[in-house]
Amino acid sequence: MHGITKELHKLALASHEYQRSQASHEFAPDTTERYYWDLLKRLEDETHVRWRIMIDVISGTSAGGINGIYLAKALAHDLSQERLRKLWVDKGDVNKLMRGASWLPKFVRVPHVLWSAMRKNK
């Protein structure tokens, strides 16, 4: 659900690290961050321009808004987005959401979900 947000975060981290040092980095060989760092290095070598990636606008609605908030918080406070991945995997499954509130008896869940959906469409 939040793959793009996660990749933007990794790109920003790689760019920050590249600005710190163009000679070396501490990214493991199989990480996306290392790929982005290497790409920034190659771009500078080919264009003679040091590229810096900055995310200056974050927007979204619904799930995109939640992803945007997590991205902004991760960038501002040097945090991981792993908890967001866990949230989407554990709580964001459409099949789980469509089953309705688990505290309701089963015979009430389907009408409850349908009634809630109808109210939102008014």
Side-chain angles (χ1 to χ4, degrees):
M1 175 59 103
H2 75 112
I4 298 297
T5 319
K6 197 170 180 178
E7 288 306 310
L8 287 171
H9 187 207
K10 290 178 180 184
L11 178 57
L13 290 173
S15 179
H16 177 76
E17 186 66 19
Y18 187 74
Q19 295 304 311
R20 191 186 64 72
S21 171
Q22 294 78 50
S24 65
H25 58 77
E26 296 183 7
F27 298 123
D30 59 344
T31 61
T32 310
E33 293 91 334
R34 180 179 179 137
Y35 174 81
Y36 291 142
W37 191 95
D38 291 344
L39 180 61
L40 290 167
K41 176 85 169 131
R42 193 169 80 211
L43 280 169
E44 183 174 356
D45 291 345
E46 291 176 8
T47 65
H48 307 291
V49 174
R50 181 165 304 148
W51 295 72
R52 181 176 179 197
I53 308 301
M54 294 181 63
I55 299 170
D56 62 347
V57 175
I58 299 173
S59 68
T61 60
S62 191
I66 294 168
N67 291 336
I69 289 167
Y70 266 79
L71 175 60
K73 189 174 176 180
L75 290 170
H77 300 288
D78 195 25
L79 300 172
S80 167
Q81 292 191 60
E82 187 58 29
R83 288 178 51 198
L84 180 58
R85 187 187 84 62
K86 185 167 173 34
L87 170 73
W88 287 129
V89 169
D90 293 348
K91 306 287 185 191
D93 182 353
V94 172
N95 291 326
K96 285 182 185 177
L97 294 172
M98 289 304 294
R99 284 188 214 128
S102 60
W103 53 268
L104 288 172
K106 287 184 181 183
F107 71 91
V108 178
R109 286 184 197 170
V110 172
H112 179 264
V113 169
L114 292 173
W115 187 62
S116 296
M118 287 177 9
R119 284 188 24 213
K120 289 179 186 176
N121 289 328
K122 286 186 178 184

*For the residue pair Lys41 and Tyr18, what are the closest heavy atoms and their distance?*
CA-OH, 3.5 Å
*asked:* Taking the side chain as everything from C-beta on, heavy atoms only, tell me whether Arg85 gets closer than 4.5 Å to Lys6.
replied: yes
*If you round to the nearest 0.5 Å, how far is CD of Glu17 from CH2 of Trp37?*
8.5 Å
_Quick check: closest heavy atoms across Thr47 and Leu43, and the distance to 0.1 Å?_
OG1-O, 2.6 Å
_Inter-residue atom distance Arg50.CZ - Asp45.CG, 0.5 Å rounding_ = 10.5 Å
*Rounded to the nearest 0.5 Å, how far apart are CD of Glu44 and CD of Gln22?*
5.5 Å
*Got more than 12 heavy atoms from elsewhere within 6.0 Å of CD, Glu26?*
no
*Would Ile4 and Ile58 show up in the same hydrophobic cluster when neighbours are defined by side-chain heavy atoms closer than 4.5 Å?*
yes
*asked:* Under 4.0 Å between a side-chain nitrogen and a carboxylate oxygen: does that hold for Asp38 and Arg42?
replied: no
_Testing the basics here: between Asn67 and Trp88, what is the closest heavy-atom pair and its distance to 0.1 Å?_
OD1-NE1, 2.8 Å
*Evaluate the side-chain hydrogen bond (donor to acceptor under 3.5 Å, both in side chains) criterion for residues His9 and Gln81: first the C-alpha distance (whole Å), next the side-chain angles of each, then the deciding distance (0.1 Å), finally the verdict.*
CA-CA 9 Å; His9 187 207; Gln81 292 191 60; 3.3 Å; yes
*Should we count OH of Tyr35 as having more than 12 external heavy atoms under 6.0 Å?*
no
*Measuring from Ile66:CD1 to Leu84:CG, what's the distance to the nearest 0.5 Å?*
8.0 Å
*In terms of hydrophobic clustering (I, L, V, M, F, W, Y; side-chain heavy atoms under 4.5 Å; direct or indirect links), are Leu40 and Val49 co-clustered?*
yes
*asked:* More than 12 heavy atoms of other residues, nucleotides or ligands under 6.0 Å from NE2 of His25: yes or no?
replied: yes
_Taking every non-hydrogen atom, the tightest pair across Leu75 and Ala12_ = CD2-CB, 3.7 Å
*Thinking salt bridges, do Lys10 and Glu7 make one under a 4.0 Å N-O criterion?*
yes
*Supply the atom-to-atom distance Ile53 CD1 to Tyr36 OH, rounded to the nearest 0.5 angstrom.*
10.0 Å
*Check Trp51 against Ser15 and note the closest heavy-atom contact, atom names and distance.*
O-OG, 4.4 Å
